[in-house]
There are 2 protein chains.
Amino acid sequence: MANTDIPALFAESLTNLKLTDKQKAVLEASLKLFSEKGFDNTSTSDIAKLAGVSEGTVYKQFKTKAGILKAIVEPFAENVIPLAATEFLDEVSTENLPDFKDFLTTVIKNRFQFAMNNLPQLRILFHEAITTPKISEKISKEILTLLSSNLKQAYLFYQTKGELVKWSPDRIFRYMISTVVGYVIPVLLIPGLTLDVDQVTKESTEFLLKGLSPK
Amino acid sequence: MANTDIPALFAESLTNLKLTDKQKAVLEASLKLFSEKGFDNTSTSDIAKLAGVSEGTVYKQFKTKAGILKAIVEPFAENVIPLAATEFLDEVSTENLPDFKDFLTTVIKNRFQFAMNNLPQLRILFHEAITTPKISEKISKEILTLLSSNLKQAYLFYQTKGELVKWSPDRIFRYMISTVVGYVIPVLLIPGLTLDVDQVTKESTEFLLKGLSPK
DNA sequence: TAATAATGAGTAATCACTCACTCATTATTA
DNA sequence: TAATAATGAGTGAGTGATTACTCATTATTA
């Protein structure tokens with residue numbers, strides 16, 4: 001891989017756009033600065049300086065500063081999060097993971113790994129979601145879609161097998177998300193903090209298995 | 001109460017400072033605007049306008065814009081959060097709440113109510129914590145202090161009674177916080193969303209009781 | 001009247017964004 | 001192939017708007 005500093009999914013999304021090296025450098029610099037200082041505290045001259053280009057170049061591809069943010073956050077928020085889970089579940093709920101414990105372990109580990117690979121974007125998303133209700137609404141809708149199709153089926157499957165408490169899908173999903181987020185938030189907030197993905201996967205699964213067991 | 005729009009704890013903290021009515025209006029306006037638009041997107045002239053005062057008055061008590069933020073966030077982050085829990089636990093772990101279910105219910109309900117009464121501050125704290133590691137560090141330390149004294153004792157009490165799984169205090173605390181936060185975050189992000197405190201207390205307690213039960 | 005509170009026009013700095021221009025690369029022509 | 005034309009990525013000084021903050025003046029209070 002050319003640049004290991006760029007999270008995998010971000011580098012991928014960049015290849016979809018036809019960008020020159022300098023324009024890619026603008027996006028990389030923006031990702032770093034937005035994540036560290038926040039969107040509002042990052043000036044376009046900061047970005048230009050870090051990317052090693054002129055301010056004019058910053059505005060060649062992305063017509064506004066908000067356009068840069070959009071280019072970073074939108075593909076991440078709209079497609080990447082739910083897609084990763086959905087694709088994953090297609091092959092799961094049918095045959096190859098009949099055990100709820102295995103299901104939980106695989107889903108949880110997948111989400112921890114995703115979070116660790118995309119910390120800068122998560123930081124930006126978190127930061128902007130508070131002042132931009134649109135983002136939150138989009139994510140809410142994605143979650144609802146995910147719930148009403150794949151996850152609902154999977155949950156029903158395990159509920160019928162007697163391995164999962166018969167609560168509503170959104171309640172079960174909420175506790176799964178909460179448990180993962182409870183480990184991820186400190187990593188987002190405290191610089192230098194990391195996660196042992198295997199360890200926290202094991203802990204989370206152990207807790208959720210008990211909390212979500214039938215009776 | 002004079003102004004029911006001001007959350008209880010915020011109004012209390014204001015009485016500690018010697019402020020004129022106009023200066024109080026500045027803080028109230030700042031709380032509202034910082035919470036809605038974020039600190040960086042709020043200008044001091046916005047604050048003055050909403051508070052119905054001049055810009056000069058804004059700078060009479062709080063010498064900088066950051067000083068206003070500090071006056072709002074610091075007492076909230078430093079004292080109010082851990083204090084509420086600590087005071088509460090002093091009378092709990094000794095005699096009057098011998099049942100772990102009652103303990104859980106009371107603590108959880110207390111935290112939900114606190115969150116609902118201080119949504120604007122929570123929003124600001126959330127927003128600023130990402131770009132200001134100092135805040136996160138302070139809260140981390142408060143949590144550690146809380147854990148190493150009162151909570152640790154309480155947990156040990158219920159573990160000895162065989163009502164609580166024998167995990168480390170910070171792990172148990174993490175799941176309690178995560179579960180509460182899982183209900184609160186959507187309320188912070190999606191405008192208009194509210195919580196039925198009694199209902200979510202019941203749900204959270206039910207889940208945590210199972211997840212934290214010994215075997 | 002003396003002291004304090006409040007005012008708002010003024011200031012220097014910073015910001016996002018523009019635009020006339022350069023120049024290396026590519027395409028076209030002879 | 002050699003000469004010329006067209007392209008568009010890149011530049012950076014410049015612009016108007018906005019910002020946080022000041023301070024000489026005025027209003028209010030005791």
Side-chain angles (χ1 to χ4, degrees), chain A residues 2-3 13-74 124 127-128 131-132 134-135, chain B residues 2-3 14-74 124 127-128 131-132 134:
Chain A
N3 190 333
S13 78
L14 290 192
T15 60
N16 296 335
L17 296 167
K18 278 173 190 170
L19 300 176
T20 64
D21 286 348
K22 298 213 169 186
Q23 284 161 355
K24 281 182 198 169
V26 167
L27 271 184
E28 289 168 34
S30 301
L31 179 70
K32 182 170 159 62
L33 292 173
F34 290 169
S35 164
E36 285 172 359
K37 308 198 298 172
F39 176 77
D40 292 311
N41 281 315
T42 302
S43 69
T44 48
S45 84
D46 286 341
I47 295 170
K49 227 168 269 170
L50 183 64
V53 302
S54 69
E55 274 208 69
T57 300
V58 172
Y59 282 89
K60 256 287 154 39
Q61 178 73 24
F62 312 100
K63 278 142 200 165
T64 64
K65 189 187 165 194
I68 308 175
L69 181 69
K70 210 176 158 185
I72 292 175
V73 166
E74 228 168 41
I124 297 171
H127 199 258
E128 298 308 317
T131 47
T132 314
K134 264 190 186 177
I135 298 178
Chain B
N3 189 335
L14 291 191
T15 61
N16 296 335
L17 298 166
K18 278 173 191 169
L19 300 176
T20 65
D21 286 347
K22 299 213 170 188
Q23 285 162 353
K24 280 181 197 169
V26 167
L27 269 185
E28 289 167 34
S30 302
L31 180 69
K32 182 171 159 62
L33 291 172
F34 289 169
S35 164
E36 285 172 359
K37 310 199 297 174
F39 176 76
D40 292 309
N41 283 314
T42 302
S43 69
T44 48
S45 83
D46 284 342
I47 295 170
K49 226 168 272 170
L50 183 64
V53 302
S54 69
E55 277 208 67
T57 300
V58 172
Y59 282 89
K60 234 344 180 319
Q61 179 72 25
F62 314 99
K63 279 144 200 165
T64 65
K65 189 188 165 193
I68 307 175
L69 181 67
K70 209 175 158 187
I72 292 175
V73 167
E74 229 168 40
I124 297 172
H127 199 258
E128 297 308 317
T131 47
T132 315
K134 263 190 186 175

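Keep in mind that this is a model prediction, so the values were computed, not measured. Letters A, B, ... are given to chains in the order of the sequence lines, protein chains preceding strands, and every chain is numbered from 1.
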Next item on the list: Measure across B:Lys65 and B:Phe39 and return the closest heavy-atom pair with its distance rounded to 0.1 Å.
Entry: NZ-O, 2.9 Å
Check: Between D:dT28 atom P and B:Asp21 atom CG, what is the distance in whole Å?
Finding: 16 Å
Check: Side-chain contact, heavy-atom cut-off 4.5 Å: B:Val26 with B:Gln61?
Finding: no
Checklist line | Closest listed nucleotide, where the reference is the side chain of B:Ser43 and the choices are D:dA20, D:dT11, C:dC17 | finding: D:dA20
Notebook entry, point to check: Once you round it to whole Å, what is the distance between P of D:dA20 and CD of B:Glu55?
Noted result: 8 Å
Next item on the list: Using only side-chain N and O atoms of B:Thr57, determine if any of them is under 4.0 Å from OP1 or OP2 of C:dA6.
Entry: no
Note to self: From NZ of B:Lys60 over to C1' of D:dA20, roughly how many Å is that when rounded to an integer?
What the structure shows: 17 Å
Notebook entry, point to check: Can you name the nearest heavy-atom pair linking A:Phe62 to A:Ala71, along with the distance?
Noted result: CE2-CB, 3.9 Å
Check: Using a 3.5 Å cut-off on both pairing distances, which stems of three or more Watson-Crick or G-U pairs include DNA chain C?
Finding: C:1-30 with D:1-30
Notebook entry, point to check: In whole Å, what is the span from the CD1 atom of A:Ile47 to the C1' atom of C:dC15?
Noted result: 12 Å
Next item on the list: Scan A:Lys22 against the nucleic acid and name what it touches under 4.0 Å (heavy atoms): base, sugar-phosphate only, or nothing.
Entry: sugar-phosphate
Item checked: Heavy-atom check, side chain of B:Glu28 versus side chain of B:Lys24, under 4.5 Å -> yes
Margin query: Between B:Gln61 and C:dA5, is there a contact of a side-chain N or O with OP1 or OP2 at under 4.0 Å?
Written below: no
Note to self: What contact category does A:Val53 fall into here, base, sugar-phosphate, or nothing, at under 4.0 angstrom with non-hydrogen atoms?
What the structure shows: sugar-phosphate
Check: Tell me: CG of A:Asp46 to P of C:dC17, nearest whole Å?
Finding: 14 Å
Margin query: Please report the distance, rounded to the nearest Å, between CZ in B:Phe62 and C1' in D:dA20.
Written below: 16 Å
Margin query: So, OP1 or OP2 of D:dA20: does either fall under 4.0 Å of a side-chain N or O from B:Thr44?
Written below: yes
Item checked: Considering all heavy atoms, the nearest B:Ala25-B:Ala51 contact -> O-CB, 3.5 Å
Notebook entry, point to check: Does A:Ile68 reach the side chain of A:Phe34, with side-chain heavy atoms less than 4.5 Å apart?
Noted result: yes
Checklist line | Whole-Å gap separating P (D:dT18) and CG (B:Asp40) | finding: 17 Å
Next item on the list: Please say which of A:Thr64, A:Ile124, A:Thr42 ends up in a side chain to side chain contact (heavy atoms under 4.5 Å, CB included) with A:Leu69.
Entry: A:Ile124
Margin query: Over all strands shown, is A:Lys65 touching base, sugar-phosphate only, or nothing at heavy-atom distances under 4.0 angstrom?
Written below: sugar-phosphate
Next item on the list: For C:dA16, take OP1 and OP2 only and decide whether either is under 4.0 Å from a side-chain N or O of A:Ser45.
Entry: no
Notebook entry, point to check: Expressed in angstrom and rounded to an integer, what is the separation of B:Tyr59 atom OH from D:dC21 atom P?
Noted result: 4 Å
